[in-house]
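One structure below.
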Amino acid sequence: LASDPFELATLILRGQKIAGLLAREVSDDTCVVECNNMVSDRQGIHATSCGMHENHFISRALYERITEPEYPSKRLFADNLSIHRLGRSMQDFLSFKALKIIFSGAGTIGNSGRSRTARYQLSERADFIERYIGGSTMGHRPFINTRDEPHANYEVFARFHDINGEGNRSPWAMILSAGLTSMLLSAMHDDALDLDWYCAAPFLTLGIVSRDIACASTVPIVRRSTHAIEYARPVDLLGEIVAKLARHATRSGIPDWHLTLAGEAADILGELADGVFDGKAATMLDWLIKMRVLERAMLRKHLNPDAPDAWMHASIRSIDMRYHCLDNTSLWDAVAASMHVRDIDSFSTAEDRLFSSPAPADTNAYLLNMLISDPHLIPYSKVDNWGIILIRPDTTDEFTQIGLDNPVTFTREYLTGALEGDFDFSTPEKRARLIQILRRGTSECNIRKIQRFRIR
């Protein structure tokens, strides 16, 4: 649980480093465990791919507005509908998703499945997406997944499972992807996006954007005011969305990071629109960083980057894979230094502090971390899942089950005030006091006693 995209990027990079550390720990002379952020062993129907999913807590009303098209059919069949028959909210989100890979693309060599040939693409996931919405993530991969498990009060919150993220290494690629999606959902919640167009063919748009390394191609859009088909550059369309999100941020009183992120996104899109590929974008976007690395490697090996076969050279494909390797980060470390990757040190955690770094302070993660790290709480508490905790004052008493209704209830600020700064839980009385405080912040319908039973 993260409260902003900067915190999320820190946690993702920390998780990547933990995965690499553990892979090295379990490797020996007879068994080598490789940890790679781009390729997964799970086989899909078409080919092998791996993504980094984003999950956003949104209101139940917004979730239903996005996922339920304005059509008699249920959303299970929404993928068979024309984009013109879907609701406005879904049209807006699908358009944004098809364009967003300019920021989130991790870059990949070649093409996958039945997709047409490509030397290099912005997105390693674009070739696999073939439905608007659905419950499957491994078969017919959709833009939007309907897996709705909010780990909170289901009547109030929904889990918006955005499955088509990519295995980025640059922290700013993660920040732009998750942050702009969060800003878009905020604007949609307030009905403040107000786009006069939507992508006429999201799948076609996704393929064009992914293969357009120069960011100069145009894609078809439908102008809502005239119902006419027009063509525009993806960088210009995404720039219009970012401008509207920035305008919404100035008027709605939402956190300051919205404006910071909108400004960074506008700068990058301005560079790409002007054909500048060695400025800020080259220090923040994964696909562009990796493309520069591969082109330099080709020149060192006297290969012509303009020749399709050069990208398929075994040594170049090996570099493409090693770029995402987590158990041996020597290549990425060298790339980050030579390419001056933006703010990389701000989001790094030393390996000796990986398992002791503090949890996010502005979500329930602060409480969950406290329950599993405080030596006076560990024997008396259990974390059943992200939405339920079990806690008792001593080993002879019953567990009290507490449902975490709201993902931002038990923050550091809340618990500090409620406990009056006393985080000492060394006695049953103090643990009982904590239980009463947790009960005050939770609906009674989500609290019940777990009866003791005798094990024969």
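Just so you know, these numbers use all the heavy atoms, side chains as well, and skip hydrogens, waters and symmetry mates.
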Exercise for the section: Mark yes or no for whether Ser95, through its side chain, and Gln91, through its backbone, hold a donor-acceptor pair below 3.5 Å. Expected result: yes
Fill in the blank from the handout: Between Ser348 and Lys17 the two heavy atoms that sit nearest each other are CB-NZ, 4.3 Å
Exercise for the section: Mind listing the closest non-hydrogen atom pair of Val222 and Ala200 along with its distance? Expected result: CG2-CB, 3.7 Å
Handout entry: Axial cation check for Tyr154 ring with Arg60, 6.0 Å and 45° limits
Key = yes
Fill in the blank from the handout: Only one of Arg223, Arg224, Arg88 passes salt bridge (charged side-chain N to carboxylate O under 4.0 Å, His left out) with Asp196, and that residue is Arg223
Practice task
Go through the steps for Ser177 and Lys100 under the test side chain to side chain donor-acceptor pair (under 3.5 Å), then give the verdict.
Solution key: CA-CA 7 Å; Ser177 176; Lys100 189 184 72 166; 3.1 Å; yes
Problem - Interatomic distance, Ser104 atom OG to Arg125 atom CZ [nearest 0.5 angstrom] - result: 10.5 Å
Practice task
Decide whether a cation-pi geometry holds between Lys290 and Tyr323; the criteria are a distance under 6.0 Å from NZ or CZ to the six-membered ring centre and an angle within 45° of the ring axis.
Solution key: yes
Practice task
For a side-chain contact (heavy atoms from CB on, under 4.5 Å) with Ile241, tell me which candidate from Leu195, Asp92, Leu180 qualifies.
Solution key: Leu195
Problem - Gap separating the OG1 atom of Thr283 from the NE2 atom of His340, nearest 0.5 angstrom - result: 10.0 Å
Fill in the blank from the handout: When rounded to the nearest 0.5 Å, the distance separating OG1 of Thr411 from CG of Asn364 is 8.5 Å
Exercise for the section: Would you check if there is a donor-acceptor pair between the side chains of Trp287 and Gln121 at a distance under 3.5 Å? Expected result: no
Exercise for the section: If the plane angle is over 60° it's perpendicular, under 30° parallel, otherwise tilted; pick one for Phe347 and Phe6. Expected result: parallel
Exercise for the section: Flag the pair Glu351 and Arg24 as a salt bridge only when some basic side-chain nitrogen lies within less than 4.0 angstrom of an acidic carboxylate oxygen. Expected result: yes
Exercise for the section: Go through the structure and list residues passing side-chain contact (heavy atoms from CB on, under 4.5 Å) with Leu303, not counting sequence neighbours. Expected result: Met298, Lys301, Ala310, His313, Ile316
Practice task
Taking all non-hydrogen atoms of both residues into account, name the closest pair between Leu299 and Pro305 and its distance.
Solution key: CD2-CD, 4.0 Å
Handout entry: Proximity of Phe157 and Tyr63 rings by center, below 6.0 Å
Key = no
Problem - Asp278/Arg292 ion pair, N-O < 4.0 Å - result: no
Exercise for the section: Report yes or no: does Asp212 contribute a side-chain atom to a donor-acceptor pair with the main-chain N or O of Ser217 at less than 3.5 Å? Expected result: yes
Practice task
Check the pair Arg169, Asp286 against salt bridge (charged side-chain N to carboxylate O under 4.0 Å, His left out), reporting the backbone distance first and the verdict last.
Solution key: CA-CA 7 Å; Arg169 299 306 307 274; Asp286 250 275; over 6 Å; no
Exercise for the section: Measure the acute angle between the ring planes of Phe160 and Phe93, then classify it against the limits of 30° and 60° as parallel, tilted or perpendicular. Expected result: perpendicular
Handout entry: Short side-chain to backbone donor-acceptor contact, Glu166 and Ala106, under 3.5 Å
Key = yes
Problem - Side-chain donor or acceptor of Glu271 paired with backbone N/O of Lys280 under 3.5 Å - result: yes
Practice task
Show your working on side chain to side chain donor-acceptor pair (under 3.5 Å) between His151 and Glu149 and close with a plain yes or no.
Solution key: CA-CA 6 Å; His151 304 306; Glu149 300 165 331; 4.9 Å; no
Practice task
Please check if the side chain of Thr409 supplies one atom and the backbone of Asn406 the other of a donor-acceptor pair under 3.5 Å.
Solution key: yes
Exercise for the section: If the plane angle is over 60° it's perpendicular, under 30° parallel, otherwise tilted; pick one for Phe203 and Tyr132. Expected result: parallel
